[in-house]
Number of protein chains: 2
Amino acid sequence: MKAKPARPPAAQMPPRLAQSAFELFAERGFARVNLDQIAARAGVTKGSLYWHYRSKHELLLAACNRYYQQWHAAVQAAIAPRPDPLDRLRAALEFSVHSCVLDTQNRMFTTSLFLLMQEDAGARAGWAQFYAAVREFYVGLVATAQAAGRLPPGDARRRVDLMLEAMEGLKLRAGFEPQVAQPAEQQAILASLLGIFQTGVPQTMPAGMEPATAHLHRHPTPPGRTQPTACTPPSERS
Amino acid sequence: MKAKPARPPAAQMPPRLAQSAFELFAERGFARVNLDQIAARAGVTKGSLYWHYRSKHELLLAACNRYYQQWHAAVQAAIAPRPDPLDRLRAALEFSVHSCVLDTQNRMFTTSLFLLMQEDAGARAGWAQFYAAVREFYVGLVATAQAAGRLPPGDARRRVDLMLEAMEGLKLRAGFEPQVAQPAEQQAILASLLGIFQTGVPQTMPAGMEPATAHLHRHPTPPGRTQPTACTPPSERS
DNA sequence: GTTCGACCATACCAGTCGGTATGGAAAGTT
DNA sequence: AACTTTCCATACCGACTGGTATGGTCGAAC
């Protein structure tokens, strides 16, 4: 029996702190987390934190690494059991959509990180490296599926870029339109994303080939409601 | 000659404060702007600011309205001279891509706003209203072009959603991959976005129809570099 | 057992920021 | 002119935060 708690080996302190930082940043955002909270969750105090990390900013970069590693492990696990190339792509997309739409920690952390990127070159570089890795991952999936004849040929990299942009935008949209989290909507979004790869070269329609039924399709939005009312102007006081 | 500066009419004070807030939020982000700076840019002091606005948060909503109005005016001006439906859509997309990729104020402001949305229902509701207005605007453009036979038929709303998500993701990506701001790249991205609307119903390719030339398409990424190295772990100190 | 360095806690500092209290000037009303 | 309302400036408070100074503890080497 050991009377004293026997403090944990110091070697695992940096990862523990990084994990605490990641969790808290993901829960409240970078600006709303202070160092005392991060240290407390890791079981130490701020003084110890500063022994392992130079600043709050350095802790953020460590938290980014946790995020990268966790994403990579999760998506690899999601596609591992699938042998078919198109199935692997679909599984990866399904996992990504699901996590973008439901995982609020993911949303909060990346949003917070994007804000910091605006003024922090280190965070920019780190994310750019992560994005490049994700892109290569998806390009590999798409190219394999194309080579296997499960997808029509086309510029895989450019389509992956479009898909990843839509994925990131979807994550933001899920923050204020929660209905995209419904299973049916998720499936429809997944189909849209998959459609990016399933289409051939887009056929451009020249001017002048107006169909006879054109007059049947009416402008679906009443012209009077086109102005964005936005939120109510808060300038008037009671 | 008037000796005194003759203070401006109070009626225009709320818009001036909202504009100052918008500019500063767009330059530095919500958390890094204080009320003294906002008041100073509007030519008053914090005490006066609090006469017109109840809190920093209320000022944020007012700044949102400025953003909404400015976006709407700018995009309307961009498409006004175009009579052809497809041209109007293209012009709107070109304007949006251009502003997403180059306008760092736009990027900073919306990113900051997205972070606040995570915990502020008011900001969420305001943005949702703005997003709905933008979506209806684009759905109108697309439906008109479809009715005129300049675009193939298809679910306009769902395609607009996909396009808007990609647009928002593009804005984020432009923050850490500045090469997307190059004109040629902008054009390519514009083509990708337009392609969302120019494609018909995506043709699903069933399994087993492997083309004879499948072995010619090689995996374009060397398999050894698939692992994301991410940023260097900052846990080790010198 | 002494020493030394890695590791951690306590206390504290210097600065910042949102928000308030208060009084005075300008403009309108009677 | 006297009075009220609207609008704005000054001064200030209280809470919080990133970062530091300093001293203590524990284990291992000698």
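These figures come from a predicted structure and were not determined experimentally. Per chain, numbering begins at 1; letters A, B, ... match sequence-line order.
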*Asks:* Would you indicate, yes or no, if dT6(D) has its OP1 or OP2 atom less than 4.0 angstrom from a side-chain nitrogen or oxygen of His52(B)?
*Replies:*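 Result: no.
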*Asks:* End-to-end bend of the helix from dG1(C)-dC30(D) to dT30(C)-dA1(D) (five-pair axes, 10° rounding)?
*Replies:*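 The helix from dG1(C)-dC30(D) to dT30(C)-dA1(D) shows an end-to-end axis angle of 10°.
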*Asks:* Who are the side chain to side chain donor-acceptor pair (under 3.5 Å) partners of His98(A), not counting sequence neighbours?
*Replies:*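 Listed in chain order: nothing, the list is empty.
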*Asks:* In chain order, what residues pass the side chain to side chain donor-acceptor pair (under 3.5 Å) check against Asp36(B), with sequence neighbours excluded?
*Replies:*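 If we apply the side chain to side chain donor-acceptor pair (under 3.5 Å) test to Asp36(B), skipping adjacent residues, there are no hits.
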*Asks:* Would you say the side chain of Phe130(A) lies within less than 4.5 Å of the side chain of Tyr67(A), judging by non-hydrogen atoms?
*Replies:*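 Tyr67(A) reaches Phe130(A) side chain to side chain.
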*Asks:* In whole Å, what is the span from the OH atom of Tyr53(B) to the P atom of dG18(C)?
*Replies:*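 These atoms are roughly 16 Å apart.
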*Asks:* Under the salt bridge (charged side-chain N to carboxylate O under 4.0 Å, His left out) rule, what pairs show up with a residue in residues 176-192 of chain B, not counting sequence neighbours?
*Replies:*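 As it turns out, the salt bridge (charged side-chain N to carboxylate O under 4.0 Å, His left out) pairs with a partner in residues 176-192 of chain B, which skip direct neighbours, are Arg135(A)-Glu177(B), Arg158(A)-Glu185(B), Arg173(B)-Glu177(B).
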*Asks:* Can you name the side-chain contact (heavy atoms from CB on, under 4.5 Å) partners of Ala128(B), sequence neighbours left out?
*Replies:*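 If we apply the side-chain contact (heavy atoms from CB on, under 4.5 Å) test to Ala128(B), skipping adjacent residues, the hits are Phe176(A).
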*Asks:* Can you tabulate the close N/O pairs, meaning under 3.5 Å, that link protein atoms to atoms of nucleotides 9-12 of chain D?
*Replies:*
from, atom 1, to, atom 2, distance (Å)
dA9(D), OP2, Thr45(B), N, 2.8
dA9(D), OP2, Thr45(B), OG1, 3.0
dA9(D), OP2, Ser48(B), OG, 2.3

*Asks:* Send over the distance from Tyr50(B) OH to dT20(C) P, rounded to a whole Å.
*Replies:*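 Rounded to the whole Å, the gap is 6 Å.
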*Asks:* Rounded to whole Å, please give me the gap between NZ in Lys56(A) and P in dT20(D).
*Replies:*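 These atoms are roughly 15 Å apart.
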*Asks:* Restricting to side chain to side chain donor-acceptor pair (under 3.5 Å), what partner residues turn up for Asp120(A), sequence neighbours left out?
*Replies:*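 Side chain to side chain donor-acceptor pair (under 3.5 Å) check on Asp120(A) returns His57(A).
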*Asks:* Restricting to side-chain contact (heavy atoms from CB on, under 4.5 Å), what partner residues turn up for Thr111(A), sequence neighbours left out?
*Replies:*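 Residues passing side-chain contact (heavy atoms from CB on, under 4.5 Å) with Thr111(A): Arg107(A), Leu172(A), Phe114(B), Leu115(B), Gln118(B).
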*Asks:* Hey, can you tell me if Phe137(B) and Trp71(B) have their rings parallel, tilted or perpendicular (30° and 60° cut-offs)?
*Replies:*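 If you compare the ring of Phe137(B) with that of Trp71(B), the planes turn out perpendicular.
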*Asks:* Partners of Ser20(B) by side chain to side chain donor-acceptor pair (under 3.5 Å), sequence neighbours excluded?
*Replies:*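 Once residues adjacent in sequence are excluded, Ser20(B) has no partner under the side chain to side chain donor-acceptor pair (under 3.5 Å) criterion.
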*Asks:* So if I take residues 30-38 of chain A and measure heavy-atom distances to DNA chain D, which residues fall below 4.0 Å?
*Replies:*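 Within this stretch, Val33(A), Asn34(A), Leu35(A) sit under 4.0 Å of the strand.
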*Asks:* In whole angstrom, what separates Gln12(B)'s CD from dC7(D)'s C1'?
*Replies:*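 Those two atoms, CD and C1', are 14 Å apart.
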*Asks:* List for me each residue that meets side-chain contact (heavy atoms from CB on, under 4.5 Å) alongside Ala74(B), sequence neighbours excluded, and say none if there are none.
*Replies:*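 By the side-chain contact (heavy atoms from CB on, under 4.5 Å) rule, Ala74(B) matches Phe95(B).
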*Asks:* Rounded to whole Å, please give me the gap between CZ in Arg16(B) and C1' in dC7(D).
*Replies:*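 Answer to the nearest Å: 14 Å.
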*Asks:* Output every pair passing salt bridge (charged side-chain N to carboxylate O under 4.0 Å, His left out) with a member in residues 23-33 of chain B, not counting sequence neighbours, ordered by first then second residue.
*Replies:*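 Every salt bridge (charged side-chain N to carboxylate O under 4.0 Å, His left out) pair that includes a residue of residues 23-33 of chain B, provided the two are not neighbours, is Glu119(A)-Arg32(B), Glu23(B)-Arg41(B), Glu27(B)-Arg41(B).
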*Asks:* Could you give the CH2-to-P distance, from Trp51(A) to dA9(C), as a whole number of Å?
*Replies:*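 Result: 14 Å.
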*Asks:* Can you tell me how far C1' of dC17(C) sits from CG of Leu59(B), to the nearest Å?
*Replies:*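 These atoms are roughly 15 Å apart.
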